[in-house]
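Note that this is a predicted model, so its numbers are computed, not measured. Letters go in sequence order (proteins before strands), and every chain restarts at 1. In what follows, every heavy atom counts, from backbone to side chain, and hydrogens, waters and symmetry copies are set aside.
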Amino acid sequence: MAPDYDVEFIDRGDRDREARFLVRDVSPAFANGIRRAMIADVPTLSIDEVRVIENSSVMFDEQIALRLGLVPLTTPDDYEIGETVTLALDVEGPGTAYSGDLVSTDDRVEPADKNVPIIDLKDPEGSETPQRLEVEADAVYDVGREHAKHQGGVAVGYRHLQTVEIVGDADEYGDDDPHILRGVIEEDGELIPTEEFDHDLTQRYPGKEVEVHDVPNAFVFHVETDGSMSVDELVTQAVDTIHGRASELKDAVQL
Amino acid sequence: MSYKCSRCKRDVELDEYGGVRCPYCGHRVLLKERSRDVKEVDVN
């Protein structure tokens with residue numbers, strides 16, 4: 001039986017895309033499992049096939065297709081792996097084609113950021129018609145393990161929660177070098193992000209000699225998504241995939 | 001094969017006897033037009 005774990009938020013970024021939270025009483029292996037699941041096992045929608053109807057821009061169809069593939073799309077959670085949504089883009093120069101110009105057949109699926117430039121279209125002098133890009137694209141629901149464009153978590157990592165122990169007074173004639181520490185420290189049960197003292201322990205504990213220790217089985221996760229889903233959804237779906245595979249293994253072993 | 005003359009911008013059909021030359025203005029630089037087919041591209 002797994003021991004009771006505990007989750008506590010430290011800060012949440014804007015637009016539900018970024019968060020930092022503390023998880024206690026999980027093993028390092030499990031913490032890393034969650035991290036890996038967030039990167040590779042949570043499916044998102046991403047453009048996978050492009051039908052180019054017209055492309056008189058200066059770039060090859062394949063280059064434009066690659067750019068379209070990397071546009072993060074908001075992803076509802078009721079899709080199945082391999083399911084597709086069709087999107088269309090039709091822009092004529094002069095001007096820039098942006099991700100926001102993509103039109104989707106499913107209202108819930110749209111570019112997470114509207115201002116990703118796809119290509120600059122010109123109206124060249126001496127040309128009869130301005131440059132034009134008209135494409136139809138199929139976005140497919142798949143996992144980050146298959147292709148990096150399907151990664152929902154883009155900056156996912158964790159550090160140990162740490163404590164600072166005062167072991168004595170600092171050497172009076174020693175160099176006053178900064179003692180840099182990045183992350184979150186715990187002091188008398190209170191969580192203090194190191195940004196509060198400019199990541200410098202000599203600012204928080206002036207004139208003291210300190211030792212930094214890891215708190216066992218306590219991890220501070222920093223999670224940032226590409227906008228295809230909120231941090232909450234990403235983390236819960238990542239844990240669900242681990243749970244799914246664990247029960248699959250359990251059933252398989254019992255046979 | 002459909003081409004476009006780079007000088008007079010007119011559409012040119014080439015056959016095997018005429019050689020590479022615009023029948024309207026005699027210019028020898030012809031540009032190949034993009035096919036009107038829809039091209040399928042796999043993103044990877």
* Criterion side chain to side chain contact (heavy atoms under 4.5 Å, CB included) on Val52(A) and Val41(B), from CA distance to verdict -> CA-CA 7 Å; Val52(A) 185; Val41(B) 183; 4.0 Å; yes

* To do: Tell me, out of Asn55(A), Ile64(A), Leu68(A), Leu66(A), who's got the most heavy-atom pairs with chain B below 4.5 Å.
  =>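 Between Asn55(A), Ile64(A), Leu68(A), Leu66(A), the count favours Asn55(A).
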
* Check ion pair Lys39(B)-Glu62(A) (N to O, under 4.0 angstrom) ->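 The answer is yes: the pair qualifies as a salt bridge.
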
* Asked: Is Asp61(A) salt-bridged to Arg34(B), cutoff N-O under 4.0 Å?
  ->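 Salt bridge: yes.
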
* Any chance CZ of Phe60(A) has more than 12 other-residue heavy atoms, nucleotides or ligands included, within less than 6.0 Å? ->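 Not buried by this count: 12 neighbours or fewer within 6.0 Å.
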
* Asked: When you look at CZ of Arg36(A), are more than 12 heavy atoms from neighbouring residues, nucleotides or ligands closer to it than 6.0 Å?
  ->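 Not buried by this count: 12 neighbours or fewer within 6.0 Å.
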
* **Heavy-atom proximity to chain B below 4.5 Å, by part of Glu134(A)** =>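 Neither; nothing under 4.5 Å.
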
* With only heavy atoms counted, which part of Asp138(A) is less than 4.5 Å from chain B, the side chain, the backbone, both or neither? ->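 Nothing of Asp138(A), per the 4.5 Å heavy-atom cut-off to chain B.
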
* Lys149(A) (side chain) donor-acceptor with Val43(B) (main chain) under 3.5 angstrom ->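 Flag set: sc Lys149(A) to bb Val43(B) pair under 3.5 Å.
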
* To the nearest 0.5 Å, what is the distance between CG (Asn44(B)) and CD (Glu49(A))? ->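 Result: 11.0 Å between the selected atoms.
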
